[in-house]
Q: 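Can you read through this structure? Questions will come right after.
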Amino acid sequence: MSVKINENYQLLKANYIFSEIDQRVEDYQNDHPQSDIIRMGVGDVTRPLTPTVEEAFRNAVREMGDPETFRGYGPYQGYDFLLDNIIEKDYASLGIKLERSEVFVSDGAKCDTGNIQEIFALDNKVAVTDPVYPVYVDSNVMAGRTGPMGDDGRYQNLVYLPCTEENGFVPELPQEEVDLIYLCYPNNPTGTTLTKEELKEWVDYARDHKSIILFDAAYESYIREDHIPHSIYEVEGAREVAIEFRSFSKNAGFTGTRCAFTVVPEELTGYDVDGKSHNLNQMWFRRQTTKFNGVSYPVQVAAQAVYSPEGQEEIKKTVDYYMNNASIIYNSLKTIGLKVHGGVNSPYIWVKTPEKMNSWQFFDLLLENVQIVGTPGVGFGPSGEGYFRLTAFNTLKNTEEAMERLSKLAI
Ligand SMILES: *Cc1c(COP(=O)(O)O)cnc(C)c1O
């Protein structure tokens, strides 16, 4: 006998996009040692933790080193001081009422969006928007919910909802019945949003079909336009059909600190093979308490500080900083005649590649001519072909320099 692997892992696409990008950049750099490459591809932030957050973090670390204030394992779902801030400031302010038992503090929206599929059966039909944040797809591949990827870049048994210029990046309701629907708004990678009316169609679909929407709102704090919903629970009936994921990564610079949370309303219901209904909140509680022991106390204190008046003021500046970059990128690309999407309620700018050029050709063009690195859209799914993602997460100086270079590019 020998140990057998989880064969589903064999189905994962071998060349993860970011390693291919790194390879091409490295090759270029080796050939051009003098070149000054500006990276606008990766989705990591650059602004540090703000002073208020850092100070709270430090003080909490000190508490951990003092026998009088030391804390061991925390409450399963997170400390009340953080839960109450989330409930008050993220949701009550929108007119949404949540109980502490409905909020689960975690170490990342990536983990939660990747793990959530565990509480659902393998024969559920899963729908994803295309292009898509790869975590939703790959976690379902690993679990065995798909077949292999076909030549069209689509995994068998997964329902793709194309989001392109043709439909204004608004996914159409699926023709076939689907059980789990991943939506991410403001969207990564396209930077586009859904209005409340557009989101309502999905909520209504889910209510009609007894489906569940997995709503990733990691970029909620980038919303600038008043008519764009900040939470799916702003839509009537969403509490019956939606799980919402949020994170401190993109608004407060927690990508290396790790804190996020997931909202699982008490009304959410799934069904067993006999058609009997089950409470999904309890299932997620069971899952988390079995496999996860919570976010460290100092990190939760740091996250709480994000909600203080000073913290709010500071993170607003952080987000404003990136959004200023976003508008610089957006306007510069428009000026040179490219078709641009996103960038208004999101740090992502989704560019249509020029006539007859595919995603990777445009990648090479920018790398070789202006030494700018972005992400080929096709890496996010087949409908991303012909598009290219730039992020606003670089410094202002680099963003300005990059756009200065681009302005001289003849397209
Ligand atoms: C960055 C990002 C997250 C946040 O992940 P964390 O694990 O909280 O850092 C979640 N969803 C999307 C789509 C993202 O781009």
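Note that the numbering runs from 1 along the sequence shown for the chain. When a ligand or atom number is given, it counts from 1 through the structure's own listing order. Every value quoted in this text rests on a predicted model; they were computed, and no experiment measured them.
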Q: Hey, which atoms in ligand 1 end up nearer than 4.0 Å to a heavy atom of Lys110?
A: 5 (O), 6 (P), 7 (O)
Q: Which atoms of ligand 1 sit under 4.0 Å from any heavy atom of Cys184?
A: 13 (C)
Q: Cation-pi between Arg389 and Phe380: NZ/CZ under 6.0 Å from ring centre and within 45° of the ring axis?
A: no
Q: Any N/O of Cys111 closer than 3.5 Å to an N/O of ligand 1?
A: no
Q: Which residue owns the protein heavy atom closest to atom 15 (O) of ligand 1, what's the atom, and how far is it?
A: Tyr219 OH, 2.5 Å
Q: So, is the end of the Lys250 side chain (NZ or CZ) under 6.0 Å from the ring centre of Tyr222 and within 45° of the ring's axis?
A: no
Q: Determine the interplanar angle of the Phe393 and Tyr322 rings, folded into 0 to 90°, and report it as parallel if under 30°, tilted if 30 to 60°, perpendicular if over 60°.
A: perpendicular
Q: Kindly confirm or rule out a cation-pi arrangement of Arg246 over Tyr91, judged by NZ or CZ under 6.0 Å from the six-membered ring centre and within 45° of its axis?
A: yes
Q: Relative to ligand 1, is Phe248 under 4.0 angstrom through side chain, backbone, both or neither, heavy atoms considered?
A: neither
Q: Distance to the ring centre below 6.0 angstrom and angle to the axis at most 45 degrees; does that hold for Arg71 and Tyr79?
A: yes
Q: What is the closest protein heavy atom to atom 4 (C) of ligand 1, and at what distance does it sit?
A: Lys250 NZ, 3.7 Å
Q: For atom 12 (C) of ligand 1, find the nearest protein heavy atom and state the residue, atom name and distance (0.1 Å precision).
A: Asp216 OD2, 3.4 Å
Q: Is any side-chain N of the basic residue among Arg224 and Asp320 closer than 4.0 Å to the acidic one's carboxylate O?
A: yes
Q: Looking only at distances, can you tell me whether any N or O atom of Ser247, backbone or side chain, sits closer than 3.5 Å to an N or O atom of ligand 1?
A: yes
Q: Under 4.0 Å from a heavy atom of Ser249: which atoms of ligand 1 are those, numbered in the order shown and with their elements?
A: 6 (P), 8 (O), 9 (O)
Q: Do you know the tightest heavy-atom contact between Cys163 and Thr129?
A: SG-CB, 3.9 Å
Q: What protein heavy atom lies closest to atom 7 (O) of ligand 1? Include the residue and the distance to one decimal.
A: Arg258 NH2, 2.6 Å
